[in-house]
Amino acid sequence: MKPVTAQRGSIPERSIMYCLLSLVILIILYFGLVYPHQRFSASIDDKIRQVTDLIKKQRDLRPLYEEMAKHNNHPTEIVLPVPDTKPLPRGAIDLVASLFQKIGAESGVQVVAVRPNLQSIISKSDEIVVALHLKGGFFDFRKFLLGTGALPSLKGVEEIKIREEGVQQAFYLTVRLAVE
């Protein structure tokens, strides 16, 4: 047998060109096909992880949900009284402020101002518009609204505005009262 001898010499230019061309094609294929597929797979994995975490949270909260659903089957019904509308006599319009002061005292709300609309008093209409400014807590205001709703001369509540003023809230209320 003949011994294999190493061939000395330079690599042909054509072979180097083919190697470089193959390397460039491989790089293009990697960045054109493989790399986008890897990024897409990573984004899908992130979404799967998020959904898995959400499912785990929902499994953890299921007993609480079932307990709340049990209590929701027996809702408490509050029936508010709806009195018949009895208009105030025109001579009793000056008692409107004291009427709202009384409701405010019973509900724990401070009545700051009671301002009847002068146009509605002067005109011969069958209702007057009263603007109220109140201060207090929200649940006390709820009691005030319930007391106001029980007024026989109340036609409706037109507007309610609530503003924060320090610890208390300020309530601005516009109501319509029926008059003879």
Side-chain angles (χ1 to χ4, degrees), residues 1-82 100 103-104 107-113 115 117 129-151 154-176:
M1 259 179 117
K2 288 186 173 178
V4 177
T5 58
Q7 183 180 10
R8 290 189 184 193
S10 65
I11 301 175
E13 282 183 28
R14 212 173 215 183
S15 295
I16 293 175
M17 287 296 286
Y18 287 143
C19 283
L20 286 176
L21 184 62
S22 299
L23 183 64
V24 167
I25 289 173
L26 286 176
I27 290 173
I28 290 173
L29 284 176
Y30 176 77
F31 284 111
L33 298 175
V34 177
Y35 183 69
H37 180 70
Q38 287 176 340
R39 287 186 53 199
F40 179 72
S41 294
S43 70
I44 297 258
D45 289 343
D46 286 341
K47 288 179 184 177
I48 289 172
R49 210 172 302 115
Q50 289 173 353
V51 169
T52 305
D53 290 343
L54 182 63
I55 289 172
K56 184 180 180 301
K57 286 179 187 176
Q58 289 179 352
R59 281 186 188 146
D60 292 343
L61 294 175
R62 183 179 176 99
L64 179 64
Y65 171 77
E66 289 173 350
E67 185 69 27
M68 290 175 65
K70 228 187 292 181
H71 290 294
N72 196 22
N73 289 338
H74 308 291
T76 57
E77 293 184 21
I78 299 175
V79 178
L80 298 176
V82 180
F100 285 113
I103 295 171
S107 63
V109 173
Q110 177 190 359
V111 179
V112 177
R115 291 182 303 271
N117 186 330
V129 177
V130 180
L132 301 165
H133 177 199
L134 313 165
K135 283 189 178 182
F138 188 77
F139 291 106
D140 294 334
F141 177 64
R142 180 182 178 272
K143 292 176 192 174
F144 182 84
L145 285 177
L146 290 173
T148 303
L151 287 176
L154 180 72
K155 277 190 129 178
V157 176
E158 284 191 2
E159 182 178 21
I160 297 174
K161 290 182 184 177
I162 302 172
R163 291 198 181 132
E164 287 287 328
E165 289 184 359
V167 179
Q168 294 183 334
Q169 285 110 3
F171 304 99
Y172 299 92
L173 187 66
T174 306
V175 296
R176 286 192 178 274

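Please read all numbers here as calculations on a predicted model, not as lab measurements.
Between L134 atom CG and Q168 atom CD the span is 11.0 Å, to the nearest 0.5 Å. Atom OG of S22 is separated from atom CE of M17 by 11.0 Å, given to the nearest 0.5 angstrom. Between the CD1 atom in I103 and the CG atom in L132 there is a gap of 9.0 Å [rounded to 0.5 Å]. Here the OG-CG distance, from S41 to D46, works out to 11.0 Å after rounding to the nearest 0.5 Å. Between Y172 atom OH and I162 atom CD1 the span is 12.0 Å, to the nearest 0.5 Å. The CD atom of E159 sits 11.5 Å away from atom CZ of R176, with the distance rounded to the nearest 0.5 Å.
Within the 4.5 Å cutoff, the side chain of L145 has heavy atoms near those of the I160 side chain. A 4.5 Å side-chain heavy-atom check between F100 and L151 finds at least one atom pair inside the cut-off. Proximity of T174 to V129: side-chain heavy atoms (C-beta onward) are separated by under 4.5 Å at one or more points. By the 4.5 Å heavy-atom criterion applied to side chains, S43 and R39 are not counted as neighbours.
The two residues P36 and F31 make their nearest non-hydrogen contact at CD-O, 3.4 Å. L173 and V157 make their closest contact through CD1-CG1, 3.6 Å (heavy atoms, listed as atom of the first residue, atom of the second, distance). Scanning all heavy atoms of the two residues, the minimum distance from V112 to K135 falls at CG2-CG, 3.8 Å.
Between F141 and F138, the ring-plane angle classifies as tilted under the 30° and 60° cut-offs.
Between E165 and R163 there is no salt bridge, since no side-chain N of the basic residue sits under 4.0 Å from a carboxylate O of the acidic one. Using a 4.0 Å cut-off between charged side-chain N and carboxylate O, K56 and D53 make no salt bridge. Classification of E66 and K70 as a salt-bridged pair fails, no side-chain N sitting under 4.0 Å from a carboxylate O.
The side chain to side chain donor-acceptor pair (under 3.5 Å) test applied to Q58 returns no partner, not counting sequence neighbours. In this structure E67 satisfies the side chain to side chain donor-acceptor pair (under 3.5 Å) test together with H71, sequence neighbours excluded.
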message: Between Q38 and Y35, is the side chain to side chain contact (heavy atoms under 4.5 Å, CB included) condition met? List the steps.
response: CA-CA 5 Å; Q38 287 176 340; Y35 183 69; 4.1 Å; yes

